[in-house]
Amino acid sequence: MEHIKKLAAIRESMAERGIDAYIIPSADPHISEYLPDRFKAIAWTSGFTGSAGTLVITQDFAGLWTDARYFVQGREQLVDTGFELVKLKIQHKAEYVEWLAEKFSKGNTVAFDGNLTSLLLAKTIKEKLEPLGVAIDGGIDLLDAAWEDRPLLPTDAAYLIHPDTTGQDAASKIAAIRLKMEKLHTQAHIISSLDDLAWTLNIRGNDVPCNPVVLGFLIIEAARATLFIDNTKLSAADQAELNAAGIDIKPYDSVHAAIQQLAVEQILIDPKRTCYAIYESIPASVKVLEDTNPSTFLKAVKNPTEVSFSRETMLKDGAALTRFFKWLEENVGTENLTEISISEKLRSFRAAQDGFVDISFDTIAGYLEHGALPHYKATPKSDATLKPSGLLLVDSGGQYTSGTTDITRVVSLGNITSEEKEDYTIVLKGLIEGSMAVFPQGTRGYQIDAITRRPIWETLRNYGHGTGHGVGFFLNVHEGPQVLNPSNVDVAIEEGMISSIEPGLYREGSYGIRIENLVLSRNLSHNEFGDFMDFETLTICYIATDLVNTSLLDQKHIDWLNQYNDWTYNQLAPLLTEEEAAWLKEKTAKI
């Protein structure tokens with residue numbers, strides 16, 4: 001009833017303002033994927049806690065549009081809330097705009113909060129609806145007045161990290177961005193996205209769970225740069241270091257006024273990563289160039305220092321995971337283990353490693369049918385007790401000062417069926433095909449996606465999420481611009497990018513399987529046919545072999561698996577106790 005009352009209050013406000021439809025995206029003023037508590041508007045309004053979705057409210061309908069990762073979760077969480085689940089056909093596409101176009105016409109008004117809506121989304125809404133005579137108002141916040149005890153903006157301290165860790169100082173990163181600005185004939189550039197800001201200034205914080213970022217905006221001009229941040233977050237020494245690098249510091253909430261005063265000919269903003277309210281602050285006399293933030297491409301290509309530290313981080317993470325899976329095997333069935341308790345135990349193993357800061361996302365520990373929910377997060381209500389039977393999927397990661405990890409493994413707790421083995425082996429075959437891929441320079445992520453899916457498609461199976469995403473360096477676990485999914489994203493895989501490869505299969509109501517490693521793209525060879533690339537696998541954690549049906553694998557797949565597990569043992573054994581190493585030796589035995 002709580003969410004029904006909230007929905008009624010929003011509808012009342014809509015009626016008072018003459019609004020026929022109100023859109024609530026999952027975002028903050030920085031168009032973040034993961035949000036500070038203050039901006040978790042969808043969860044507050046509807047009870048849905050997934051990280052991707054959009055609410056659309058009219059007087060006679062309220063819907064949550066989300067993708068296949070959240071169909072089951074959405075259906076369960078929206079019961080008795082007044083909201084209905086609307087299944088997206090294409091992930092991330094604003095299909096609700098088409099629905100609005102069919103429902104409304106001249107004289108109707110559609111509204112949204114421009115602080116929570118990207119420029120790209122706002123333009124999509126306006127371009128589709130305004131020709132129909134629908135009025136668009138992008139300056140309406142209907143939530144703040146109704147949201148009692150709304151969380152304040154986070155106040156945790158931020159800090160600078162040394163170029164010895166990042167491989168590059170802030171001044172040189174800004175110089176690289178300015179070089180790109182010159183080529184684009186722009187005199188100013190606004191950075192709103194928190195990971196781009198963090199990378200550019202070598203600054204980290206704790207304002208967003210699992211993401212070491214701090215709320216702020218950055219304006220780069222030809223001769224100066226200005227960071228808009230709550231300056232109480234920074235020590236005097238860090239402020240002095242930023243000033244010495246040519247970066248002024250101003251209050252976080254003064255960014256709109258500063259933009260309004262810009263006296264330049266052209267400004268660069270990223271329409272996907274800049275909110276509509278920032279765009280609306282730009283003076284009419286300033287020409288706006290919409291393009292991807294230069295920093296997005298620069299930070300995606302890891303430098304040798306970042307690559308070296310990332311390899312060290314994988315060793316730490318692999319040791320923690322080995323201890324976790326050994327502990328799990330020895331205690332399931334004898335202790336009262338649940339999805340939540342094992343997630344906490346895994347965190348404790350990671351926390352014992354040098355440089356651990358946080359987990360990189362909420363651990364997905366899905367037992368039996370919960371494993372079929374790709375972005376499942378156990379709650380006290382759903383928290384399943386593990387028994388010595390069935391499949392357990394664990395998708396987890398760590399934030400270390402030396403890098404970011406993301407890994408998924410599936411293990412048998414006992415009594416596995418031939419169907420489960422077959423599904424597991426087919427997913428493993430997809431992972432191996434993607435990991436072994438050799439491809440010409442200029443290959444896009446959708447091509448790697450198809451290579452990975454091919455052995456799964458051959459069995460008339462598929463999965464409803466992407467095959468992979470970029471991963472940051474002690475930054476966001478989901479990082480662009482590269483993405484390995486079926487969408488036609490025109491971004492080439494470049495040397496130095498760290499990406500995930502994570503095929504899966506999900507049988508609703510029964511179990512789910514996903515196996516994930518992180519890979520580094522690298523140049524392989526040049527010949528008369530061109531330049532070719534391949535992947536170096538970075539993740540170091542054994543892949544379970546007791547679930548493998550070898551009759552479904554070619555010899556090359558068996559060789560890859562044996563070599564990977566042997567490499568894993570040799571890498572991790574020096575970090576383990578004698579007992580732990582013996583256990584891992586058994587797990588990595590050749591098949």
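One-based numbering along the sequence shown.
Put simply, CG on L218 and CD1 on I203 are 10.0 Å apart, with the number rounded to the nearest 0.5 Å. The distance from atom CG of N517 to atom CD1 of I432, rounded to the nearest 0.5 Å, is 10.0 Å. The NZ atom of K287 lies 8.0 Å from the CD atom of E265; values are rounded to the nearest 0.5 Å. Atom CD1 of I24 sits about 5.0 Å away from atom CG of L55, to the nearest 0.5 Å. Separation of atoms CD1 (I451) and OG (S435) is listed at 11.5 Å; rounding is to 0.5 Å.
When all heavy atoms of K40 and D37 are compared, the pair lying nearest together is NZ-OD1, 3.1 Å. Minimum heavy-atom separation, F217 to H30: CZ-CE1, 3.3 Å. Between N293 and S193 the shortest heavy-atom distance is ND2-OG, 3.2 Å. Considering all non-hydrogen atoms of both residues, L484 and S500 come closest at CD2-O, 3.7 Å. The heavy-atom pair separating F309 from T165 by the smallest distance is CD1-O, 3.6 Å. Scanning both residues, I42 and G53, for their nearest heavy atoms gives CD1-O, 3.2 Å.
A donor-acceptor contact shorter than 3.5 Å links the side chain of N527 to the backbone of F529. Panel note: side chain D169, backbone S172; a donor-acceptor pair is recorded below 3.5 Å. Side-chain N or O atoms of R409 include one that pairs as donor or acceptor with a backbone N or O of C541 at under 3.5 Å. In this structure, the side chain of D238 does not engage the main chain of L234 through any donor-acceptor pair within 3.5 Å. H189 places a side-chain N or O within donor-acceptor distance of the main-chain N or O of L268, the cut-off being under 3.5 Å. Between the side chain of T117 and the main chain of D113, a donor-acceptor pair closer than 3.5 Å is present. Between the T66 side chain and the A52 main chain, a donor and an acceptor come within less than 3.5 Å of each other. Side chain of R178 to main chain of I220: no donor-acceptor pair is present (N/O by atom type, distance under 3.5 Å, no hydrogens or angles). Looking only at distances, a side-chain donor or acceptor of N303 sits under 3.5 Å from a matching main-chain atom of E306. Looking only at distances, a side-chain donor or acceptor of D28 sits under 3.5 Å from a matching main-chain atom of S32.
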Checklist entry - Do E494 and R522 pass the salt bridge (Lys or Arg N to Asp or Glu O under 4.0 Å) test, and can you show the C-alpha distance, the side-chain angles, and the key distance before you say yes or no? => result CA-CA 7 Å; E494 294 186 44; R522 61 189 182 184; over 6 Å; no

Next on the checklist: The test is ring pair (Phe, Tyr, Trp, His ring centres under 6.0 Å); show your working for H478 and F361 and say whether it passes.
Outcome noted: CA-CA 10 Å; H478 292 158; F361 56 95; 7.1 Å; no

Next on the checklist: Let's go through F325 and F349 carefully: what are the C-alpha distance in whole Å and the side-chain angles of both, what is the deciding distance for ring pair (Phe, Tyr, Trp, His ring centres under 6.0 Å) to 0.1 Å, and is it a yes or a no?
Outcome noted: CA-CA 10 Å; F325 283 117; F349 281 120; 10.0 Å; no

Checklist entry - Given V438 and L524, is the side-chain contact (heavy atoms from CB on, under 4.5 Å) satisfied, shown in steps? => result CA-CA 8 Å; V438 174; L524 175 63; 3.8 Å; yes

Next on the checklist: Checking D67 against K93 for the salt bridge (Lys or Arg N to Asp or Glu O under 4.0 Å) test, could you report, in this order, the C-alpha distance in whole Å, the side-chain angles of both residues, the deciding distance, and whether it holds?
Outcome noted: CA-CA 9 Å; D67 63 66; K93 187 174 181 182; over 6 Å; no

Item to check | Stepwise side-chain contact (heavy atoms from CB on, under 4.5 Å) check, S343 with K377 | outcome: CA-CA 10 Å; S343 298; K377 179 187 176 183; over 6 Å; no

Item to check | Verdict with supporting geometry, F532 and F439, ring pair (Phe, Tyr, Trp, His ring centres under 6.0 Å) | outcome: CA-CA 6 Å; F532 289 84; F439 48 94; 9.0 Å; no

Item to check | Stepwise side-chain contact (heavy atoms from CB on, under 4.5 Å) check, L518 with I407 | outcome: CA-CA 7 Å; L518 300 188; I407 174 176; over 6 Å; no

Next on the checklist: Run the side-chain contact (heavy atoms from CB on, under 4.5 Å) test on E495 and M533 for me, step by step, so that the C-alpha distance in whole Å, both residues' side-chain angles and the decisive distance to 0.1 Å come before the verdict.
Outcome noted: CA-CA 8 Å; E495 181 183 22; M533 301 181 68; 4.2 Å; yes

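Under the 3.5 Å distance criterion, with hydrogens and angles disregarded, a donor-acceptor pair is assigned to the side chains of D317 and Y400. Checked by atom type, the side-chain pair T166/Q168 shows no donor-acceptor distance below 3.5 Å. Counting only N and O atoms by type, the side chains of K173 and N202 include a donor and acceptor under 3.5 Å apart. Neither side chain, E221 nor T226, offers a donor N or O lying under 3.5 Å from an acceptor on the other. Between N523 and Q441, the side chains place a donor N or O and an acceptor N or O closer than 3.5 Å (distance only, hydrogens not considered). Using modelled atom types, one finds a donor on one side chain and an acceptor on the other under 3.5 Å when comparing H469 with E502.
Between L194 and L215, some side-chain heavy-atom pair lies under the 4.5 Å cut-off. Residues Q73 and F48 meet the side-chain proximity criterion, which asks for heavy atoms closer than 4.5 Å. For the pair I190 and I267, the minimum side-chain heavy-atom distance is below 4.5 Å. With a 4.5 Å cut-off on side-chain heavy atoms, M314 and T405 count as touching. Put simply, the side chain of L197 reaches to within 4.5 Å of the side chain of L227, judged on heavy atoms. Counting heavy atoms from C-beta outward, D395 and Y376 have side chains that stay 4.5 Å or more apart. In this structure, S308 and T305 have side chains that are not in contact, with every pair of non-hydrogen atoms separated by 4.5 Å or more. Residues L262 and I282 have side chains not in contact (no heavy-atom distance under 4.5 Å, counting atoms from C-beta outward).
A cation-pi arrangement is absent between K302 and F473 under the rule of less than 6.0 angstrom and at most 45 degrees off the ring axis. Cation-pi check for R453 over Y463 is met; the charged atom lies under 6.0 angstrom from the ring centroid and within 45 degrees of its normal.
Between K233 and D230, no side-chain nitrogen of the basic residue sits less than 4.0 Å from a carboxylate oxygen of the acidic one, so the salt-bridge criterion is not met.
Relative orientation of the Y564 and W560 rings is parallel, given thresholds of 30° and 60° on the angle between their planes. In this structure, F112 and Y276 have perpendicular ring planes: the angle between them is above 60°, well past the 30° mark. Ring orientation note: the planes of Y70 and H375 are nearly perpendicular, at an angle over 60° on the 30°/60° scale.
By the salt bridge (charged side-chain N to carboxylate O under 4.0 Å, His left out) test, K556 pairs with E433, sequence neighbours left out.
No more than 12 heavy atoms of other residues, nucleotides or ligands sit less than 6.0 Å from atom OH of Y279. For K272, the NZ atom is loosely surrounded, since the number of other residues' heavy atoms within 6.0 Å does not exceed 12.
For the pairing with R273, the side chain to side chain contact (heavy atoms under 4.5 Å, CB included) check across T292, I191, D195 returns one residue only, T292. Each of T313, D358, T404 was evaluated against Q399; a single residue qualifies, T404, per the side chain to side chain donor-acceptor pair (under 3.5 Å) test.
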